[in-house]
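Note: hydrogens, waters and symmetry copies are ignored here, and every other heavy atom, side chains too, is used. Every chain is numbered from 1, with letters handed out A, B, ... down the list of sequences.
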Protein chains: 2
Amino acid sequence: MATIRQVAKHAGVSIATVSRVINNSPAVTDEVRAKVLESVNSCGYVPNVGRRTTSFIALVYSGPSSLGSPYDAALLEGMVQAMDLTDLDLVILNPSRDKRPDESYTQFFLRKGVRGAILRSTVEGRQICRTIADEKFPAMGIGDHFEHPTLAFAYADSKTTSRQAIEHLITLGHQRIAFAANEHEDGDHVDRYAAYCEALDGAGIGIDRSIVYRVPARRVNGAQLLRNVMSVPKPPTAIYVTDPPIAMGLINEARNLGMDIPRDLSVVGFDDNDSRNFVFPKMTAVCQDARQLGHEAFIELARAIEAGNGERCQHRISSSWFEINNSTGPPPVKSVGILPDGTRLEAVGP
Amino acid sequence: MATIRQVAKHAGVSIATVSRVINNSPAVTDEVRAKVLESVNSCGYVPNVGRRTTSFIALVYSGPSSLGSPYDAALLEGMVQAMDLTDLDLVILNPSRDKRPDESYTQFFLRKGVRGAILRSTVEGRQICRTIADEKFPAMGIGDHFEHPTLAFAYADSKTTSRQAIEHLITLGHQRIAFAANEHEDGDHVDRYAAYCEALDGAGIGIDRSIVYRVPARRVNGAQLLRNVMSVPKPPTAIYVTDPPIAMGLINEARNLGMDIPRDLSVVGFDDNDSRNFVFPKMTAVCQDARQLGHEAFIELARAIEAGNGERCQHRISSSWFEINNSTGPPPVKSVGILPDGTRLEAVGP
DNA sequence: CTGAAAGCGCTTACAG
DNA sequence: CTGAAAGCGCTTACAG
């Protein structure tokens, strides 16, 4: 466990200067500050008092908390299970609340006694993730993933399985397949949309942008989505909904409108945990285990911290899988439509 | 912010002795240790290094984590929202991992830099809650509630609304009403069962213990429960299921067995957050807002900590409400039964 | 078992 | 802007 003295030696400055950098005193040149912060991270410095040592891993979120979502809840459950296998504790931090504008993230984390960060990333928050990674503070990204030279992510690849899902629909005979995703585009959704396009392309089906939807990832938006989808001039016969709450909301709304899934509409959903089992009919879905993602992010971060010497985190990429259940079937013989007011239409001819 | 010196003065000992107590040195008489720990809590002592002060609120759970459950996820979301209104951070602690057998909970929390604890209580963990409260460490209980002279709880009263729920079923004409609850009995479930008994009693209906069920609070157990309920010699026509995942599992399984809810069976469920909207038909339910409970527990604890001087937490009791949706209706004209293999039975006469 | 005192990690006026 | 040194909170061998 490095002390301020070792950091000072490593950086070739006095302990007073190291202290000033840690406490963000303005009386330090940018050059010296950068050199010291570099040493802080490469020595794995962490403040301690007597025998007591702060050993926290931070779950960092930015913007409004989504911790109640099934995805985040499962992530957290996995992290807490992993926590029990280490001697690190998990603290939840929101830098936008009390990170001072003039301090770096490393300084912010040191002030909190944090030794590594799990970044619950979103597309909006990518810049924060990049900044933290650029400071070389130990970190794992989760939730969103993107190219970065030093930031590692824990995620499940859902591109191949998304392609399987669309091919499954095509094999069943569907030609008009809609796509819906969270309005917040992230690495996973980019992959899923790419898979959708490639699968349609491979089958010689053109992409119709009018049945590609972006909606907020909430149940009520899934309900509204169904009404929108079914009221276009030529409604799709199948849809791939890449977010669990949207898929659940859509399936329940179908029953409210008197539709039968999969007879009137085939639905491939997405499941981060267990959602597919909570709707009727049990949802055909691309599935990932968010609990495991949280677990792996925590363990990998703990490993890098314990190793010390500025050891980097590695990517932890797990597998998703495509599970055929009861919400998909052949396309309807008669095409079905629903007017905005809920009136049900059935075409007379094919 | 009290230092070790003030605690020493308050307790009438040297700073060395205070330090020994905090670090749990065996070389202190029980009498002195008790006196010092008393002073530590009444001075609101918290260890600090230089300007840095640890200001954590701990979410304490014991036994296997249930943080992924909808109830716990909603609690946590509420706590994190509340956190943003204070300058305290939330750390998740599992004392069974690293609390040393010979240290008190106060010592354990000081070692972690924790100033107050939210105790995610269960019936199994009541003794831990009592011990922490007896040490007068600032704490709020949540999840389970029971009588204790110094421990305050955040909970929603669900007794009155549970009684409304049963009376609603009786008014609809039901005479044979089953009851199902989490196998882990806690203060809330005691209330709900008492309400069930009182409402039946008030209507002159006897309690039949053979249709009172205790099952694990998981979806699969809700599915199994339905099979059990419907295969008793004279199946109930309605059931009050006091846990969300059990209620959801039961309602979905009914569709798998070809039953129609509420035609064949009326179901009153329980909802901590939003579950009632995720099943079809939308569930008639006693509802509470777990997000709000988490929020209030955090705010009340933060208030007591900021007030200092050993200020006590107060109970934060909120309201539940009974919401009539689509899973309840009049009893079936013909009584319905399901054999263990799934065969559906309908009685010929009344 | 307890306190006075030396010592550690860190911070901060003071000197240059 | 930086370091040597005094000082704070805390811990711990040492003395009794």
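- We find that NZ of B:Lys35 is positioned 12 Å from C1' of C:dC1, with the value rounded to whole Å.
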Filtered N/O pairs between nucleotides 2-6 of chain D and protein, under 3.5 Å:
from, atom 1, to, atom 2, distance (Å)
D:dT2, OP1, A:Thr29, OG1, 3.2
D:dT2, OP2, A:Thr29, N, 3.2
D:dT2, OP2, A:Thr29, OG1, 3.4
D:dG3, OP2, A:Ser14, N, 3.1
D:dG3, OP2, A:Ser14, OG, 2.9
D:dG3, OP2, A:Thr17, OG1, 2.5
D:dG3, N7, A:Arg20, NH1, 3.4
D:dG3, N7, A:Arg20, NH2, 3.3
D:dG3, O6, A:Arg20, NH2, 2.5

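- When rounded to the nearest whole Å, the span between CD of A:Gln107 and P of C:dT11 equals 12 Å.
- Ring orientation note: the planes of B:Phe153 and B:His315 are close to parallel, at an angle under 30° on the 30°/60° scale.
- When the P atom of D:dC10 is taken as reference, atom CD1 of B:Ile4 falls 5 Å away, rounded to whole Å.
- Taking the six-membered ring where tryptophan is involved, the planes of A:Phe109 and A:Tyr105 are tilted, since the angle between them lies from 30° to 60°.
- Remark: A:Gln288 pairs with A:Tyr71, A:Ala156, A:Arg192, A:Phe270, A:Asp272, A:Leu293, A:Ser320 by the side chain to side chain contact (heavy atoms under 4.5 Å, CB included) rule, at least two apart or across chains.
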How does DNA chain C look in dot-bracket form if you count Watson-Crick and G-U pairs under 3.5 Å, write [ ] for pairs that cross, and put | where a base pairs with another strand?
|||.||||||||.|||

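- In this entry the distance linking CZ of B:Arg5 with P of D:dC10 reads 8 Å, nearest Å.
- For the pair B:Lys9 NZ and D:dG9 C1', the computed distance is 17 Å after rounding to whole Å.
- A donor and an acceptor atom, one from each side chain of A:Gln292 and A:Ser318, are nowhere located under 3.5 Å apart.
- Of the candidates B:Leu85, B:Asp289, B:Val80, B:His295 forms a side chain to side chain contact (heavy atoms under 4.5 Å, CB included) with just one, namely B:Leu85.
- For the pair B:Arg111 CZ and D:dT11 P, the interatomic distance rounds to 12 Å; values are reported in whole Å.
- With rounding to the nearest 0.5 angstrom, the NE2 atom of B:His145 is 4.0 Å from the CG atom of B:Asp188.
- Between atom CG of residue B:Asp72 and atom CG of residue A:Leu67 there is a gap of 13.0 Å, rounded to the nearest 0.5 Å.
- The distance from atom CD of B:Gln6 to atom OG1 of B:Thr3, rounded to the nearest 0.5 Å, is 4.5 Å.
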